[in-house]
*Asks:* 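The structure's right below; bear with me while I get my questions together.
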Number of protein chains: 2
Amino acid sequence: MKHLPHKTIARLSQYRRALLLCLAKGKTHIFSHEIAKIQHITAVQVRRDIMLIGYTGTLRKGYNVKELIDLIGNIIDSEKRIDVCVVGTGNLGKAIINYFKGRRTKLTITAGFDIDPKKIGKKITGVPIYNVADIKKIIQEKNIRIGVMTVPGEQTTEICDMLVDAGIKGILNFTPKPVNVPHGVFLEEYDMITSLEKVAFFVKTQNEL
Amino acid sequence: MKHLPHKTIARLSQYRRALLLCLAKGKTHIFSHEIAKIQHITAVQVRRDIMLIGYTGTLRKGYNVKELIDLIGNIIDSEKRIDVCVVGTGNLGKAIINYFKGRRTKLTITAGFDIDPKKIGKKITGVPIYNVADIKKIIQEKNIRIGVMTVPGEQTTEICDMLVDAGIKGILNFTPKPVNVPHGVFLEEYDMITSLEKVAFFVKTQNEL
DNA sequence: AGGCTATTGTTAAAATAATAACAATGCAAA
DNA sequence: TTTGCATTGTTATTATTTTAACAATAGCCT
């Protein structure tokens with residue numbers, strides 16, 4: 001497979017969720033338009049994405065749910081578990097840790113970090129919380145490869161530098177402040193306000209029509 | 001202005017954040033490459049976006065920070081405040097409410113909804129929490145136009161239907177379950193796992209090289 | 001069996017988005 | 001004043017992503 005578009009990667013992850021739901025319902029096959037409906041995209045796009053990963057469905061029966069789940073897993077999952085840490089265990093950090101609890105994925109949150117002494121040493125739904133000061137030590141000991149940042153804006157830059165220094169390979173930044181990472185570290189930023197303002201923009205323009 | 005690309009809308013919102021920061025620092029002008037650096041994009045893209053909204057900077061001095069903030073505001077803000085509600089006041093809901101606290105934007109969170117009697121009637125950083133059963137009444141009374149869903153997956157569909165029924169115009173769905181809305185309601189979905197799996201995919205492929 | 005239809009797989013076209021290229025020009029320094 | 005250069009604004013090009021089009025065919029119905 002030469003190269004999978006970013007967008008396709010993101011959709012594959014979503015397809016899998018839909019497929020797992022179907023599997024749970026006992027469905028063995030699914031049509032492209034059924035997946036499309038769930039994800040609010042077109043059936044063509046689903047077929048095209050599936051084509052890109054080299055899977056082939058059955059004419060008039062659709063795709064084998066289980067096979068497709070496995071294949072998507074082969075592509076987007078790592079062979080081995082990838083350990084993830086969450087830096088900042090405020091509301092958002094807790095939400096993320098809870099969100100992952102009990103989901104079967106190769107991604108596992110194995111550490112949380114905070115500066116609050118009241119939190120350090122405790123656990124959040126099974127995930128131990130460490131002192132941010134020990135971030136490098138813990139990340140290397142546990143071979144953590146991905147860091148999720150949910151700290152307040154003022155600490156973002158400092159924490160990011162610590163993560164990079166500790167040898168982290170990917171960062172998902174939920175803080176409102178953009179960061180810089182050296183080449184070789186994958187960075188994904190997400191800002192809730194941007195999403196909300198986007199919704200608001202379309203609500204507004206629609207109203208004006 | 002004929003038509004602004006979705007991506008540009010999203011970036012404008014981010015530019016504004018960067019600009020507000022600069023304004024706070026006392027900067028009166030800013031260069032395209034400075035904005036670009038903050039946002040991890042190219043200066044060309046910044047200039048192009050700014051061109052699209054019809055603003056013109058000063059050669060060798062850059063863009064007037066204050067003017068640009070105002071113009072972006074004119075474009076992406078509503079004239080009037082848009083009221084937003086958050087349905088589900090768990091960790092994520094609380095995180096979002098806190099996140100907005102004290103930010104000056106036309107978007108204001110004016111209601112939270114929950115089913116937990118212990119939460120109903122209380123406030124979260126100033127935002128009153130109502131019973132989900134009263135969702136239609138409150139939304140109409142307060143003229144709330146946008147709903148943010150942070151409820152558990154099982155309740156997603158039901159809550160979504162209630163929001164639509166109450167006349168909401170835009171929905172931002174943070175739950176893991178995709179929803180359907182009728183034409184005329186703008187829907188934006190965000191799934192944290194998708195973001196994280198995307199990061200993991202690139203961490204994985206890079207490792208394999 | 002034979003025709004009809006729904007569905008896949010794939011190529012082609014269109015739309016969207018990002019990047020490059022470069023003319024214009026105003027400020028700074030000589 | 002004049003030269004050089006940094007910076008904008010804009011058009012052109014390229015890359016990416018989505019959508020359309022349609023041939024192929026497996027299964028269903030008669």
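All chains are named by letter (A, B, ...) in the order of the sequence lines, taking the proteins before the strands, and each is independently numbered beginning at 1. Side chains are part of it too, since the values below use all heavy atoms of this structure and drop only hydrogens, waters and symmetry mates.
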*Asks:* Where each residue is assigned the nucleotide of DNA chain D containing its nearest heavy atom, which of A:K7 and B:G62 is assigned the position nearer the 5′ end?
*Replies:*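 Nearest-nucleotide comparison on DNA chain D picks B:G62.
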*Asks:* Reckon A:S32 touches a base, only the sugar-phosphate, or nothing at all at heavy-atom distances under 4.0 Å?
*Replies:*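 Since only primed, P, OP1 and OP2 atoms lie under 4.0 Å of A:S32, the category is sugar-phosphate.
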*Asks:* Can a donor-acceptor pair be found, under 3.5 Å and without considering hydrogens, that links the side chain of A:T42 to the backbone of A:Q45?
*Replies:*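 Looks like yes, one N/O pair under 3.5 Å.
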*Asks:* Between C:dA20 atom C1' and B:Q45 atom CD, what is the distance in whole Å?
*Replies:*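 Computing the B:Q45:CD to C:dA20:C1' distance gives 13 Å.
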*Asks:* Got a donor-acceptor pair under 3.5 Å from the side chain of A:R60 to the base of C:dT5?
*Replies:*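 Answer is yes: a donor-acceptor pair is held.
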*Asks:* Starting at atom CE of B:M51, determine the distance to atom P of D:dA12, rounded to an integer number of angstrom.
*Replies:*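 One finds 12 Å between P of D:dA12 and CE of B:M51, rounded.
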*Asks:* Taking the minimum atom-to-atom distance to the side chain of B:F31, which one of D:dT8, D:dT19, C:dT8 wins?
*Replies:*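 For B:F31, the side-chain atoms sit closest to D:dT8.
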*Asks:* Base, sugar-phosphate alone, or nothing: which one does B:T8 contact when heavy atoms must sit under 4.0 Å apart?
*Replies:*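 Nothing, no heavy atom under 4.0 Å.
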*Asks:* Kindly point out which of D:dT10, C:dA17, D:dA24 is positioned nearest to the side chain of B:H6?
*Replies:*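 Nucleotide nearest to B:H6's side chain: C:dA17.
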*Asks:* Out of C:dT25, C:dA17, D:dT10, which has the shortest distance to the side chain of B:P5?
*Replies:*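 The closest nucleotide is C:dA17.
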*Asks:* Starting from P on D:dG9, measure out to NZ on B:K61 and report it in whole angstrom.
*Replies:*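 The distance from NZ of B:K61 to P of D:dG9 comes to 13 Å, rounded to the nearest Å.
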*Asks:* Just compare D:dT19, D:dA24, D:dG9 and give me whichever is closest to any side-chain atom of B:T56.
*Replies:*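 For B:T56, the side-chain atoms sit closest to D:dG9.
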*Asks:* Of the options D:dG27, C:dC22, D:dC22, whose atoms approach the side-chain atoms of A:R47 most closely?
*Replies:*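 Selected nucleotide (nearest to the side chain): D:dC22.
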*Asks:* A:R48 has an atom CZ; how far is it from atom C1' of C:dT7, in whole Å?
*Replies:*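 To the nearest whole Å, that distance equals 18 Å.
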*Asks:* Distance check needed: D:dA20 P versus A:H33 NE2, whole Å only.
*Replies:*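 My rounded result for the distance is 17 Å.
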*Asks:* Give the nucleotide from the list D:dT25, D:dT18, C:dA21 with an atom nearest to the side chain of B:V44.
*Replies:*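 Closest nucleotide among those given: C:dA21.
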